[in-house]
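Just so it is clear: chains get the letters A, B, ... in the order the sequence lines come, proteins before strands, and each one is counted from 1.
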Number of protein chains: 2
Amino acid sequence: MRADARRNVDALLRAAATVFDRLGVEAPMRTIAAEAGVGVGTLYRHFPQRSDLVKAIMQREVDNCVVAAATLGGSEPPGAALAEWVQRLVDLASTKRGLGPALHSGDPAYQALPNYVLGQLTPALRGLLDAAAAVGEIRADVDARALLLAAMRLAAPASDGDVDEARRMVALLIDGLRFQASALAKAPPG
Amino acid sequence: MRADARRNVDALLRAAATVFDRLGVEAPMRTIAAEAGVGVGTLYRHFPQRSDLVKAIMQREVDNCVVAAATLGGSEPPGAALAEWVQRLVDLASTKRGLGPALHSGDPAYQALPNYVLGQLTPALRGLLDAAAAVGEIRADVDARALLLAAMRLAAPASDGDVDEARRMVALLIDGLRFQASALAKAPPG
DNA sequence: TTGATAAACGGAACAACGTTCCGTATAAAT
DNA sequence: ATTTATACGGAACGTTGTTCCGTTTATCAA
């Protein structure tokens with residue numbers, strides 16, 4: 001790969017992050033190219049679709065979340081680790097302001113990104129869920145992928161700056177898991 | 001108001017509902033005008049903003065939800081009424097496929113619609129919450145508006161046809177309210 | 001260092017869409 | 001029937017997405 005190409009890819013990613021934060025994911029491609037100091041042709045060559053740009057920007061954040069799951073899982077009680085990690089999803093949403101609409105727009109152009117995010121985060125969450133379920137802190141019959149999608153939806157308001165409300169609602173969702181665990185403990189099946 | 005104007009407003013609303021369902025809320029204005037058999041000028045005169053169209057289409061559905069809250073509240077135990085009514089929000093989301101992205105897009109043009117929807121549905125939900133809290137079935141410290149927003153976010157996947165998953169997650173959220181109620185009963189403050 | 005070559009660049013150009021504007025048509029009232 | 005206010009239609013303009021190709025430039029071999 002040529003040196004100028006690598007430089008431009010870098011500049012484009014930096015520019016896109018800035019512009020998306022300022023104008024949202026639907027910001028004009030021309031604006032991103034201008035911010036990066038390149039022509040639109042260069043932008044389209046490296047990122048044929050808008051979602052490619054969004055994917056690249058999010059990749060690092062998602063990876064950070066995955067390692068955080070392992071860290072928390074090794075240093076906290078399973079229930080607490082789960083509760084804390086899910087709060088990190090709220091941070092992710094608030095950091096990458098304006099990217100949420102793209103994920104949930106239903107536009108086929110954005111199908112690739114949610115799949116990547118889910119593919120990375122679902123196993124991380126499943127590990128935390130299994131650990132908490134093994135010690136009876138939560139119910140054991142909830143699909144990790146479904147819960148992840150739900151939590152990310154609840155984290156969306158963080159993009160509007162209302163981080164606290166998102167935190168409360170995500171915590172409420174986890175409380176839902178705990179309620180069923182205690183209900184089953186009080187009235188065991190059979 | 002002139003007769004032809006009234007006819008065209010009607011045709012436009014019918015056409016917009018059809019086209020939004022087929023192509024999503026971002027469907028071209030030209031397409032809606034063509035479907036209604038009128039010029040774009042007529043469309044813009046009656047509905048200067050896209051959100052005006054969306055608002056008018058949704059109004060009836062929202063009103064139906066409000067009367068349902070009163071009906072359920074009068075015929076079911078408070079906790080059950082709450083749980084059932086929140087499931088109606090899932091129906092609303094699945095019926096008006098493709099309109100969710102507009103509500104959550106953050107685009108200022110759509111600010112009016114969420115405000116209307118929330119303004120109508122929040123008091124309805126608050127009534128159900130108060131009744132359930134009064135008999136100790138749920139915790140009493142959750143803001144109705146915040147819970148409504150959260151439930152609507154969870155109901156969003158219904159637009160993609162996955163209604164069952166949405167139902168499970170919304171139910172989980174309500175279980176969260178019940179968990180805190182039972183936790184407080186077991187360990188009273190003081 | 002220089003010349004050849006493949007890779008990458010820039011931005012003009014075209015298409016699609018949102019939105020406005022105004023000449024024309026028509027419903028309603030006299 | 002005439003008048004007039006109201007509404008209509010669609011051409012026209014600005015913006016944005018996307019493509020295409022003539023030009024520039026990094027890389028490497030001689």
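Atom CZ of A/Arg7 is separated from atom C1' of D/dA26 by 9 Å (rounded to the nearest Å). Rounded to an integer number of Å, the gap from A/Tyr44 OH to C/dA15 C1' is 13 Å. Taking atom CZ on A/Arg6 and atom P on C/dA7, their separation rounds to 16 Å, with Å as the unit. Put simply, CZ on B/Arg2 is 11 Å from P on D/dG9, counting in whole angstrom units. Atom C1' of nucleotide C/dT19 and atom CE of B/Met29 are separated by 9 Å, given to the nearest angstrom. To the nearest angstrom, P of D/dG9 lies 11 Å from CG of B/Leu43. The CD1 atom of B/Ile32 sits 14 Å away from the C1' atom of C/dT19 (whole-angstrom rounding). Between B/Leu53 atom CG and C/dT19 atom P the separation is 12 Å, expressed in whole Å.
The residue among B/Arg30 and B/Asp4 whose nearest nucleotide of DNA chain D is located toward the 5' end is B/Asp4. If B/Val40 and A/Gly37 are placed on DNA chain C by their nearest nucleotide, the residue sitting closer to the 5' end is A/Gly37. Toward the 5′ end of DNA chain D lies the nearest nucleotide of B/Val38, the other residue of the pair B/Val38 and A/Pro28 mapping further downstream.
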- Take A/Leu89 and A/Leu121, measure what side-chain contact (heavy atoms from CB on, under 4.5 Å) needs, and give me the verdict at the end. CA-CA 10 Å; A/Leu89 294 177; A/Leu121 296 182; 3.9 Å; yes
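Ion pairing of B/Arg145 with B/Asp143 is absent here, as no side-chain N (NZ or NE/NH1/NH2) approaches a carboxylate O to less than 4.0 Å. Checked for salt-bridge contact, A/Asp175 and A/Arg178 meet the test: a charged N lies under 4.0 Å from a carboxylate O.
Inter-residue side-chain proximity for A/Leu149 and B/Met169 is flagged as unmet; no heavy-atom pair is nearer than 4.5 Å. Under the 4.5 Å side-chain criterion, counting only non-hydrogen atoms from C-beta, B/Leu177 is in contact with B/Ile174.
The side chain of A/His46 places an N or O atom within less than 4.0 Å of a non-bridging phosphate oxygen (OP1 or OP2) of C/dC9. At least one side-chain nitrogen or oxygen of B/Arg45 sits closer than 4.0 Å to the OP1 or OP2 atom of D/dC8. Regarding contacts with the backbone of C/dG18, a side-chain N or O of B/Arg50 is found under 4.0 angstrom from either OP1 or OP2. Contact annotation: B/Thr42 reaches the phosphate of D/dG9 (side-chain N/O to OP1 or OP2, under 4.0 Å). A sub-4.0 Å separation between OP1 or OP2 of D/dC8 and a side-chain N or O of B/Asn8 is present.
Backbone-only contact: B/Ala27 has heavy atoms under 4.0 Å from sugar-phosphate atoms and none from a base.
Listed candidates were D/dT27, C/dC9, D/dA7. Nearest to the side chain of B/Met1 is D/dA7. Side-chain proximity of B/Ala5 to D/dT6, C/dA8, D/dC8: nearest is D/dC8.
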